[in-house]
Amino acid sequence: MEPPNVYRARFDEVATGGRRRITVGIEILDRESDGSIPTAAWFRGEEYRLDIEDDEGVAIYVRRL
């Protein structure tokens, strides 16, 4: 049996100037059909862009305010 094709996504909001960053949620999402992590994701009706993958393999998406 193959493992599920999912990853953990963290959604952050970043204030203008990048001085304040707040995590607003974490979800388990599906990877693309080729196994890659999507460059954009939707959370609570807002589009977030992939920023980085942290050391624990979590994809961190941001929305700039």
Hits for side-chain contact (heavy atoms from CB on, under 4.5 Å) against Arg20, two or more places apart or cross-chain, chain-then-number order -> Ala15, Ile22

Q. Any side-chain heavy-atom pair from Glu53 and Val58 closer than 4.5 angstrom?
A. no

One should read off an interatomic distance between Asp51 CG and Ile60 CD1, to the nearest 0.5 angstrom, of 7.0 Å

All heavy atoms of Ser36 vs all of Arg31, minimum pair found to be O-CB, 3.4 Å

For residues 14-35, the ring-ring contact (aromatic ring centres under 6.0 Å, His included) pairs (sequence neighbours left out) are none

The complete set of side chain to side chain donor-acceptor pair (under 3.5 Å) pairs with one or both residues in residues 55-65, sequence neighbours excluded, reads Tyr7-Tyr61, Glu13-Arg63

Note: Thr16 and Leu65 closest approach over all heavy atoms is OG1-O, 2.9 Å

Closest non-hydrogen contact found for Ile26 with Arg8 is CG2-CG, 3.5 Å

Taking every heavy atom of Leu50 against every heavy atom of Ala59, the minimum-distance pair comes out as CD1-CB, 3.9 Å

Geometric class of the Phe11/Tyr48 ring pair [parallel <30°, tilted 30-60°, perpendicular >60°]
perpendicular

Tracing side-chain contacts under 4.5 Å among Ile, Leu, Val, Met, Phe, Trp and Tyr outward from Trp42 reaches none

Apart from Val62 itself, its cluster of hydrophobic side chains linked below 4.5 Å comprises Val14

dist Ile37:CD1 -> Leu29:CG (nearest 0.5 Å) comes out at 9.5 Å

For Asp54, the salt bridge (Lys or Arg N to Asp or Glu O under 4.0 Å) test, sequence neighbours excluded, returns none

Quiz item: Below 4.5 Å, heavy atoms only, C-beta onward: do Arg49 and Thr39 meet side chain to side chain?
Solution: yes

